[in-house]
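Quick note on labels: first sequence line is chain A, next is B, and so on, each numbered from 1.
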Amino acid sequence: MKRTHYCGDLRDSHVGQTVQLCGWVWHWRDHGGVVFIDLRDRTGHSQLVFDPTADAELHRRASALRSEFCIGITGTVRPRPEGTVNPKLPTGQVEVVVTELHVYSESETPPFPIDEHLDVGEDVRLKYRYLDMRRPALRDALLFRSRCANTVRNYFNQNGFVEVETPILSKSTPEGARDFLVPSRISPGEFFALPQSPQLYKQLCMIGGLDRYFQIVKCFRDEDQRADRQPEFTQIDVEMAFIEPEDIYQIMEGLMTTLWKDLLGVELKTPFPRMPYWDAMERYGCDRPDVRFGMELRDVGDIGAESEFQVFRSIVQNEGKISGICVKGGASFSRKEIDDLTKEASIYGAKGLAWMKHGESGLESNIVKFFSEGLQQKLIERFGSEQGDLLLFVADEPSVVYAALAHLRLHIAEQKQLFDPNEDKFLWVVDFPLYEKDDEGNPTPSHHPFTHPHPEDLDLFETAPLKIRALAYDLVLNGLELGGGSIRIHRRDLQYRMFKTLGIDEQQAQEKFGFLLDAFRFGPPPHGGIAFGFDRMVMLMMRLRNIREVIAFPKNQRAQAVMEGAPSGVEASQLKELGLRVKA
RNA sequence: GGGGCCGUAGUUCAGUUGGUUAGAAUGCCUGACUGUCGAUCAGGAGGUCGCGAGUUCGAGUCUCGUCGGCCCCGCCA
């Protein structure tokens, strides 16, 4: 039996045609006489009709069909009788009168219903992923993802990019996330690492003269999971030679515009706004601000220092920071609501949350008495506060202040519906610092050690390395990082200055990244690139909240594949061949 | 490494202050029904209340431990 149509495609125009359909029995409605079967494939479903007066034997066999039997049929498309048309369904104008029925295979009763009306526990869905895939939600996500990937490939092909496959068995590099390791049989005691990203390979492709590279590629990071993180995930990886940041912005804005137009029917406005890193931190408390709403942070360290409030004064004296946000209409928050906010702030290390309500006669709270009339007026002006608003303050070391207020801002905005959930606001965050302090206070690359410093800041290497800006950029959508990249260093002398600040001498550098440094001896072009979280992007486009909803076979929270049972133990002989011994 | 929420029928859930034989919806099975489309109607089967201790006359309910799931902090150049 050869399929002639997909179940979801039948329309008025097919009336009178003999068709052959294949698929799974979705719902069946047995009226004693006539039997209806909804036959489903990945495109949708059509109604099959079995009439006992037409073919008693066929009708008897149809009555025995059950959920998820896999069948094929031959039949004739006819318009539904008047009054039985179902306008809710794309195929609701017609039905198929079946003349032949073939059961490819029967099915046990599925462990959960194959429809969209019920949220099923994710552990069961993962165990029977192939059944979950028959459900419209996951099916549509995977189809959508496929179309995205197709659009991405077309876009880069049309713009002169070369798709290059880089190795999965690669070399472990000391920086960054934990590596997944693969033992080598031929070199006992030695290991490949799965790539955290094809970073060095794509730079080598630029040195190799490919000029424009892209790849939709798996990356692996052995870190703890989150709703938007998987141990193996997919990146849209891009690198270009002879370019400046503007070229990257333009190419990637073009990609986003194309994707949003082709897949969502939305016209995005370009160029996307750009915001320096320190602006983002000061105004939003994080490097990936959600700019769909205001409620921006304001520094009030100066006012706190002048106040009589000891908590604030001592924090300013100890090089701490005081910032706040103004919640419009927040004066109506109950004591409990403010307590809850305090709890939310404490997740990010804030030891307290100071607040003032803007009432009829000015600011009110248990700490207002420590602020003179003049200081209160300054606060009101700084936040543009009006009667009915609520001011919230966090005073702590800067990283805590930023993190706590950034979270409160998002938390309140979500709670109070302060933004349109259907709006998409893109933003480039630029001028990231080249270095940040590690746990011991030493400079460590905030992006990676091949990031090009801002040309205006080269004098700072020896005097104030932490103040050097990088030619690095992130693309942020609605408060989530879609991707990031940088212009790379292409001169060995600059690369060694970079390493020197990191405390890496020439010999160590050679050991770690020798192959790249060697390549830099042979005329490397100026180059740079970017990488996008593909899963995350598809998730955001579909307004989903979990990355697993757009991945065919994801790992669970504990990075396990529950369906196939991975990871798992292996045969002793396999270990022996690899020269490995597992500690009991 | 740390915090939070959760675990009861195949599935999704309810279960009062600790008190009789643990319920509902849906699915499943049987029967009825010729126009439904999340069909309807009647009947039926289906439970180690995650597991283990403890408190108690009595535990789905309280306590401790443990296992599992999800979310978050740390981590993720």
Side-chain angles (χ1 to χ4, degrees), chain A residues 26-40 45-54 59 63 66-68 80-89 91-92 95 108-128 131 173-179 196-197 199-200 219-231 233 343-350 399-400 403-404 407 411 432 434-436 438-439 443-451 470 472 481 484-486 498 502 512-513 531 533 545-546 548 556-560 562:
Chain A
W26 204 13
H27 302 110
W28 76 95
R29 296 174 290 280
D30 185 345
H31 287 255
V34 67
V35 168
F36 300 106
I37 300 275
D38 289 334
L39 187 66
R40 185 200 73 240
H45 69 273
S46 273
Q47 175 167 282
L48 311 181
V49 189
F50 295 86
D51 190 334
T53 61
H59 174 265
S63 304
R66 290 294 179 269
S67 265
E68 300 309 310
R80 294 194 185 186
E82 214 177 316
T84 66
V85 164
N86 189 341
K88 286 183 287 186
L89 303 176
T91 59
E95 61 191 13
E108 291 181 17
T109 302
F112 52 83
I114 311 298
D115 63 34
E116 60 243 281
H117 303 293
L118 197 63
D119 282 328
V120 177
E122 203 182 6
D123 40 354
V124 189
R125 290 176 53 205
L126 288 179
K127 183 171 177 190
Y128 300 96
L131 295 181
T173 50
E175 267 84 26
R178 266 187 291 273
D179 284 323
Q196 295 175 26
S197 84
Q199 180 61 37
L200 300 183
C219 302
F220 307 86
R221 292 177 192 176
D222 185 9
E223 297 293 344
D224 290 347
Q225 307 310 298
R226 283 287 195 286
D228 60 352
R229 253 194 251 162
Q230 279 275 296
F233 62 100
K343 204 179 278 177
E344 290 293 330
S346 75
I347 296 171
Y348 294 82
S399 64
V400 170
H407 174 71
H411 182 80
F432 276 80
L434 188 65
Y435 299 107
E436 57 195 23
D438 69 8
D439 296 338
T444 180
S446 39
H447 189 50
H448 60 58
F450 315 108
T451 306
E481 183 194 325
S486 63
M498 179 87 185
L502 293 170
K512 289 179 175 179
F513 310 110
R545 297 211 156 230
N546 194 302
R548 295 185 297 270
N556 71 5
Q557 178 77 9
R558 294 208 301 160
Q560 295 165 326
V562 291

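- Within the 4.0 Å cut-off from OP1 or OP2 of B/rA39, at least one side-chain nitrogen or oxygen of A/Arg29 is found.
- A close approach under 4.0 Å does not occur between any side-chain nitrogen or oxygen of A/Arg226 and OP1 or OP2 of B/rC71.
- Spacing of C1' atoms, B/rC33 relative to B/rG43, comes out at 15 Å, to the nearest Å.
- By the side chain to side chain donor-acceptor pair (under 3.5 Å) test, A/Asp51 pairs with A/Thr53, sequence neighbours left out.
- If you check distances only, the side chain of A/Arg221 never reaches the base of B/rC76 with a donor-acceptor pair under 3.5 Å.
- Comparing B/rA42 with B/rG4, their C1' atoms are spaced 47 Å from each other, to the whole Å.
- The side chain to side chain donor-acceptor pair (under 3.5 Å) check on A/Glu95 picks up A/Gln47, A/Arg78, with sequence neighbours excluded.
- The shortest distance between the side-chain N/O atoms of A/Arg548 and the OP1/OP2 oxygens of B/rC71 is below 4.0 Å.
- Here B/rC72 is the nucleotide among B/rC72, B/rG38, B/rU36 with the atom lying nearest to any side-chain atom of A/Gln557.
- For A/Ala345, the side chain to side chain contact (heavy atoms under 4.5 Å, CB included) partners are A/Ala350, A/Ala404, A/Leu408, not counting sequence neighbours.
- With sequence neighbours excluded, the residues that form a side chain to side chain donor-acceptor pair (under 3.5 Å) with A/Asp179 are A/Ser172, A/Gln196.
- Under 3.5 Å, the side chain of A/Arg229 and the base of B/rC75 form at least one donor-acceptor pair of N or O atoms.
- Applying the side chain to side chain contact (heavy atoms under 4.5 Å, CB included) rule to A/Asp224 yields no partners; only residues at least two apart in sequence or on another chain are considered.
- Checked by distance alone, A/Asn556 brings no side-chain donor or acceptor within 3.5 Å of a matching partner on the base of B/rG69.
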Below 3.5 Å between N/O atoms, which protein atoms pair up with nucleotides 7-11 of chain B? Just atom names and distances, please.
unit_1, atom_1, unit_2, atom_2, d
B/rG10, O2', A/Pro111, O, 2.8
B/rU11, O4', A/Pro111, O, 3.4

**Base versus backbone protein contacts along nucleotides 30-35 of chain B [heavy-atom cut-off under 4.0 Å; B, S, -]** = S--BBB
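- With sequence neighbours left out, A/Thr84 forms a side chain to side chain contact (heavy atoms under 4.5 Å, CB included) with A/Arg80, A/Pro81.
- Applying the side chain to side chain donor-acceptor pair (under 3.5 Å) test to A/Arg229 and every residue at least two apart in sequence or in another chain returns nothing.
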